[in-house]
Amino acid sequence: MASSYYQEMQEVFRNNNKSREFPAHSAKVHSVAWSCDGKRLASGSFDKTASVFVLEKDRLVKENNYRGHGDSVDQLCWHPTNPDLFVTASGDKTIRIWDVRTTKCMATVSTKGENINICWSPDGQTIAVGNKDDVVTFIDAKTHRPRAEEQFKFEVNEISWNNDNDMFFLTNGNGCINILSYPDLKLIQSINAHPSNCICIKFDPTGKYFATGSADALVSLWDVEELVCVRCFSRLDWPVRTLSFSHDGKMLASASEDHFIDIAEVETGEKLWEIQCESPTFTVAWHPKRPLLAYACDDKEGKYDSNREAGTVKLFGLPNDS
């Protein structure tokens with residue numbers, strides 16, 4: 001029996017399954033993220049810049065382009081409760097904190113290596129950044145000074161705090177999830193989550209679950225309290241690169257080099273919808289209040305001239321008649 005939520009969302013997407021694309025960058029987009037109030041979307045690109053859009057009804061209107069990094073912007077995230085601040089991680093060995101009110105870089109923090117992962121703690125006080133040498137640096141968000149630095153002996157892929165801010169999670173190249181106490185960073189547990197490289201991790205907004213995506217093309221859903229795998233989603237055929245929970249925690253979007261984005265119902269694992277794409281998808285992010293999904297693909301192939309990279313940001317969930 002399909003759940004009432006399933007039926008409700010099927011109806012929503014039947015009437016709102018349009019995707020629209022918005023020019024954002026001159027090269028591929030690595031990362032998209034919504035501000036906590038859902039009014040803005042930021043994107044980070046290989047073109048060394050970040051862009052910020054304002055969501056107006058059913059379109060994204062470009063507000064600003066943020067320049068300053070000397071290398072690719074690989075990941076970005078917003079402050080958990082302040083909708084004006086976001087932070088970017090770059091291969092130029094710095095992170096930058098930006099304020100959309102002044103459109104200026106508030107701080108540039110130098111790190112030891114080329115940065116690839118970044119996350120902001122739920123209490124807003126700390127930014128964690130991981131680099132290509134598997135060093136994670138914890139930076140005080142107010143003083144912009146490093147608080148701690150940890151060198152790991154394994155390939156660190158993605159990093160995240162739990163919603164309670166007292167544990168820190170890393171996914172690694174051996175298929176494990178390493179869980180550290182926070183702030184003392186002692187290993188609590190290492191979970192063998194996947195037979196191969198564990199790539200991404202996301203916590204659901206309700207704090208009940210987290211999900212991991214792996215090179216084995218599986219998405220696993222974990223109970224935060226019990227630290228056990230509740231179910232797996234196996235509709236993708238390629239390594240899972242990106243995950244996002246909807247604002248109510250009831251839907252999970254996952255994407256890979258498959259030419260579609262899978263939208264699953266969290267409680268049953270059923271496929272709620274799939275978004276057709278013309279190329280691999282690098283990043284997905286549900287809006288914090290509405291069933292709107294921002295995403296970005298490798299726009300080199302398909303309908304574009306193969307030499308010209310088109311850095312577009314896409315939005316799914318728009319009314320069919322918009």
Side-chain angles (χ1 to χ4, degrees), residues 30-31 71-72 74-77 87 89-95 109-122 126-139 146-203 209-224 226-230 232-234 236 238-244 254-257 282-283:
H30 290 303
S31 181
D71 202 345
S72 172
D74 277 3
Q75 207 174 30
L76 53 77
C77 63
V87 61
S90 168
D92 67 6
K93 301 188 178 182
T94 68
I95 68 163
V109 184
S110 293
T111 58
K112 284 187 174 162
E114 296 177 38
N115 300 312
I116 47 176
N117 305 311
I118 196 156
C119 61
W120 210 309
S121 63
T126 314
I127 295 164
V129 57
N131 70 24
K132 283 186 177 164
D133 306 317
D134 309 311
V135 174
V136 177
T137 308
F138 294 86
I139 294 159
R147 277 188 178 153
E149 193 175 81
E150 284 286 312
Q151 168 77 61
F152 293 94
K153 293 185 176 67
F154 46 75
E155 177 190 321
V156 174
N157 288 319
E158 201 163 38
I159 52 179
S160 179
W161 273 270
N162 63 336
N163 298 16
D164 291 338
N165 217 110
D166 60 359
M167 291 195 284
F168 191 76
F169 287 63
L170 310 102
T171 58
N172 78 29
N174 313 327
C176 292
I177 306 162
N178 291 76
I179 306 170
L180 309 177
S181 57
Y182 188 80
D184 47 2
L185 302 176
K186 298 277 181 284
L187 183 67
I188 298 174
Q189 199 167 345
S190 179
I191 303 174
N192 284 321
H194 292 272
S196 57
N197 198 337
C198 192
I199 299 170
C200 46
I201 182 166
K202 277 287 178 300
F203 281 78
Y209 298 121
F210 65 92
T212 55
S214 164
D216 60 14
L218 290 177
V219 175
S220 313
L221 184 74
W222 300 81
D223 180 301
V224 171
E226 307 288 331
L227 296 176
V228 292
C229 181
V230 185
C232 282
F233 307 87
S234 58
L236 295 168
W238 289 86
V240 182
R241 291 188 184 169
T242 176
L243 297 165
S244 180
S254 53
S256 64
E257 287 175 49
F282 295 122
T283 175

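Count residues from 1 along the sequence.
Scored by the salt bridge (charged side-chain N to carboxylate O under 4.0 Å, His left out) test, E155 finds no partners at all (sequence neighbours excluded). Residues passing the side-chain hydrogen bond (donor to acceptor under 3.5 Å, both in side chains) test with N157, sequence neighbours excluded: N197. For I159, the side chain to side chain contact (heavy atoms under 4.5 Å, CB included) criterion is met by N117, C119, A128, V136, V156, F168, L170, not counting sequence neighbours. Taking F203 as the reference, F169, F210 meet the ring-ring contact (aromatic ring centres under 6.0 Å, His included) condition, with sequence neighbours excluded. The side chain to side chain contact (heavy atoms under 4.5 Å, CB included) check on S254 picks up V219, L236, V240, L243, D262, with sequence neighbours excluded. For the side chain to side chain contact (heavy atoms under 4.5 Å, CB included) test, residues two or more places apart in sequence or in another chain that qualify with D184 are S181, K186. Under the rule for a side-chain hydrogen bond (donor to acceptor under 3.5 Å, both in side chains), K93 has no partner lying at least two apart in sequence or in another chain. For the side-chain hydrogen bond (donor to acceptor under 3.5 Å, both in side chains) test, no residue two or more places apart in sequence or in another chain qualifies with W161. With sequence neighbours excluded, the residues forming a side chain to side chain contact (heavy atoms under 4.5 Å, CB included) with D166 are N162, D164, listed by chain and number. Every residue was checked against the salt bridge (charged side-chain N to carboxylate O under 4.0 Å, His left out) condition with E150, not counting sequence neighbours, and none meets it. T171 meets the side-chain hydrogen bond (donor to acceptor under 3.5 Å, both in side chains) test with no other residue; sequence neighbours excluded.
Here the side chain of S256 pairs no donor or acceptor atom with the backbone of R241 at under 3.5 angstrom. A donor-acceptor contact shorter than 3.5 Å is absent between the side chain of N174 and the backbone of C176. Under the 3.5 Å distance criterion, the side-chain polar atoms of E158 are left unmatched by any main-chain donor or acceptor of T212. The closest donor-acceptor contact from the side chain of D216 to the backbone of L218 lies under 3.5 Å. At distances below 3.5 Å, not a single donor-acceptor pair connects side-chain atoms of S160 with backbone N or O atoms of K202.
Residues D74 and N115 form no side-chain contact, since every pair of their non-hydrogen atoms from C-beta on lies 4.5 Å or further apart. Under the 4.5 Å side-chain criterion, counting only non-hydrogen atoms from C-beta, T126 is in contact with Y182. Here the side chains of F154 and N178 are in contact, with some heavy-atom distance below 4.5 Å. Side-chain atoms of K112 and T137, non-hydrogen and from C-beta on, never get closer than 4.5 Å to each other. In this structure the side chain of S220 reaches within 4.5 angstrom of the side chain of C232, judged on heavy atoms. A 4.5 Å side-chain heavy-atom check between L227 and Q189 finds at least one atom pair inside the cut-off. Q75 places none of its side-chain heavy atoms less than 4.5 Å from the side chain of I116.
Between D133 and Q151, the shortest heavy-atom contact is O-NE2, 2.9 Å. When every heavy atom of L76 is checked against every heavy atom of S31, the shortest pair comes out as N-OG, 3.2 Å.
In this structure, I95 CD1 and I127 CD1 are separated by 4.5 Å, a value rounded to the nearest 0.5 Å. Rounded to the nearest 0.5 Å, atoms CD1 (I191) and CD1 (I177) are 4.5 Å apart. With rounding to the nearest 0.5 angstrom, the OG atom of S90 is 9.5 Å from the NE2 atom of H30.
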Apply side-chain contact (heavy atoms from CB on, under 4.5 Å) to N172 and F152, showing your working.
CA-CA 10 Å; N172 78 29; F152 293 94; over 6 Å; no
